[in-house]
Amino acid sequence: VCTYTALVYGFCRENLWSEAFQCLNKMKADGCNPNVRTYTTIIKFLCNHGKVDESLCILEHMKMSGCCPDLVTYNIVLRELCLQDKLVQICELFRVMNKEGLSPDPYSHAALAGGMLKRGKAKIAIAVLVDIISRGCSVDTVLYNIYFHTLCCLNRSREALSMVMSMVELGFKPTNVSYNTILKGICTEENIYNAMELFGHFDRLRDGPDLVSFNTILSTACKQRHHNMICRILFQMEYNGFGLDVVSYTCLVQYYCSIGNFPQCLKFLKSMLSDGLSPT
RNA sequence: GACGGAAGUCCUUGC
């Protein structure tokens, strides 16, 4: 079963749908019944391509075959439904989950709040998150990160920052994502200088900034055309042993192009290619 | 039967 599932995964990854389904049928013919993970693999790829109706069909199909979806399966479908803002089907899914004795976990709640956030419904997202937390549901780091992100979207980055700080005192372990989220918030809501100051504290806060942290301030510096700042950041990156990636190069190329410095623009394009990176 | 393992789920940066 593991082998077949891996095969199904491979077909899905290469967008070879018919092969994936053939594989599914072949398994059954071989007397090797697909299990939850096999079905979930297919459902996930369907969802990732926005084919949520098809994934609901598979969901029905697996139930008919006597294979019960678990929380992981439902969370994947839920996530896509939330991204597409299909309210009626979201409610229906929660109802079914409840009926089958599955209670939402932090992944489910992350799907819900994260989906709304991506749809630009930060106000609703924050209300949902506050409700989840106040109901005493378990909240993991990712869900907190979504909470911080939501606060930042509502121009409440400082609040998010002080919240992280006080939570650290209580033993909460933030991740790079937590800090990078707030760093981005400070960049857009305040200014690059305040962001740089926060950035400077990163070293002591945890293992130090990562490439995303650097890209966050680099993109801000580029957008605001702070030439000195860009140089400082590039120097810092080199000093800390971070190579530029596609995101960094894109920022720089756009910047130099926008100020009409085409030689620099070309220089970065060339070094990007020589780094083995291709423009997306 | 218990525990563990596994092929499936989340969040941040450019366009």
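Order of the sequence lines sets the chain letters (A, B, ...), proteins ahead of strands, with each chain counted from 1.
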Check whether more than 12 heavy atoms from other residues, nucleotides or ligands sit under 6.0 Å from atom CD of A:E238, and answer yes or no.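 Open: at most 12 neighbouring heavy atoms sit under 6.0 Å from CD of A:E238.
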
Can you tell me the distance, in whole Å, between the [atom1] atom of [X] and the [atom2] atom of [N]?
| X | N | atom1 | atom2 | result |
| --- | --- | --- | --- | --- |
| A:Y74 | B:rC10 | OH | P | 19 Å |
| A:N35 | B:rA6 | CG | P | 15 Å |
| A:I233 | B:rU13 | CD1 | C1' | 12 Å |
| A:F148 | B:rC10 | CZ | P | 20 Å |
| A:Y255 | B:rC15 | OH | P | 16 Å |
| A:N215 | B:rC15 | CG | P | 12 Å |
| A:L71 | B:rG8 | CG | P | 17 Å |
| A:Y4 | B:rA6 | OH | C1' | 19 Å |

[X] side-chain proximity, nearest of [options]:
| X | options | result |
| --- | --- | --- |
| A:D140 | B:rC15, B:rG8, B:rC10 | B:rC10 |
| A:D70 | B:rG8, B:rU12, B:rC15 | B:rG8 |
| A:V212 | B:rG8, B:rU13, B:rC15 | B:rU13 |
| A:Y107 | B:rU13, B:rC11, B:rC10 | B:rC10 |
| A:V247 | B:rA7, B:rC11, B:rG14 | B:rG14 |
| A:K118 | B:rU9, B:rA6, B:rU12 | B:rU12 |
| A:V142 | B:rG8, B:rC11, B:rU13 | B:rC11 |

Need one value for [X]: base, sugar-phosphate or nothing, where a base atom within 4.0 Å counts as base even if backbone is also close, heavy atoms only.
| X | answer |
| --- | --- |
| A:T220 | nothing |
| A:T40 | base |
| A:T181 | sugar-phosphate |

Base B:rG14 to side chain A:D245, donor-acceptor N/O within 3.5 Å cut-off: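 Donor-acceptor pair under 3.5 Å: no.
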
Between the base of B:rG8 and the side chain of A:T41, is one N or O donor paired with an acceptor at under 3.5 angstrom?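 No pair found.
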
Linking I/L/V/M/F/W/Y whenever their side-chain heavy atoms sit closer than 4.5 Å, directly or via other members, would A:I233 and A:Y249 fall into one cluster?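 Hydrophobic grouping puts A:I233 with A:Y249.
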
Say whether A:Y74 and A:F94 are linked into one hydrophobic cluster, either directly or through other cluster members, by side-chain heavy-atom distances under 4.5 angstrom.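 They do share one cluster, since a chain of ILVMFWY contacts under 4.5 Å joins A:Y74 to A:F94.
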
Given B:rG8, is OP1 or OP2 found less than 4.0 Å from the side-chain N or O atoms of A:R79?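 No.
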
A:K44 side-chain N/O to B:rA7 phosphate OP1/OP2 under 4.0 Å: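 For A:K44, the contact criterion (side-chain N or O under 4.0 Å from OP1 or OP2 of B:rA7) is not met.
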
Run the ring-ring contact (aromatic ring centres under 6.0 Å, His included) check on A:F172 and A:Y144 step by step: do they pass? CA-CA 10 Å; A:F172 174 71; A:Y144 274 121; 5.4 Å; yes

Ion pair present between A:R158 and A:E190, side-chain N to carboxylate O less than 4.0 angstrom?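 Yes, A:R158 and A:E190 are salt-bridged.
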
So, does A:N240 use its side chain to make a donor-acceptor pair with the main chain of A:F242 at under 3.5 Å?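 Not at all, since once roles are kept as given, no pair shorter than 3.5 Å links the two residues.
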
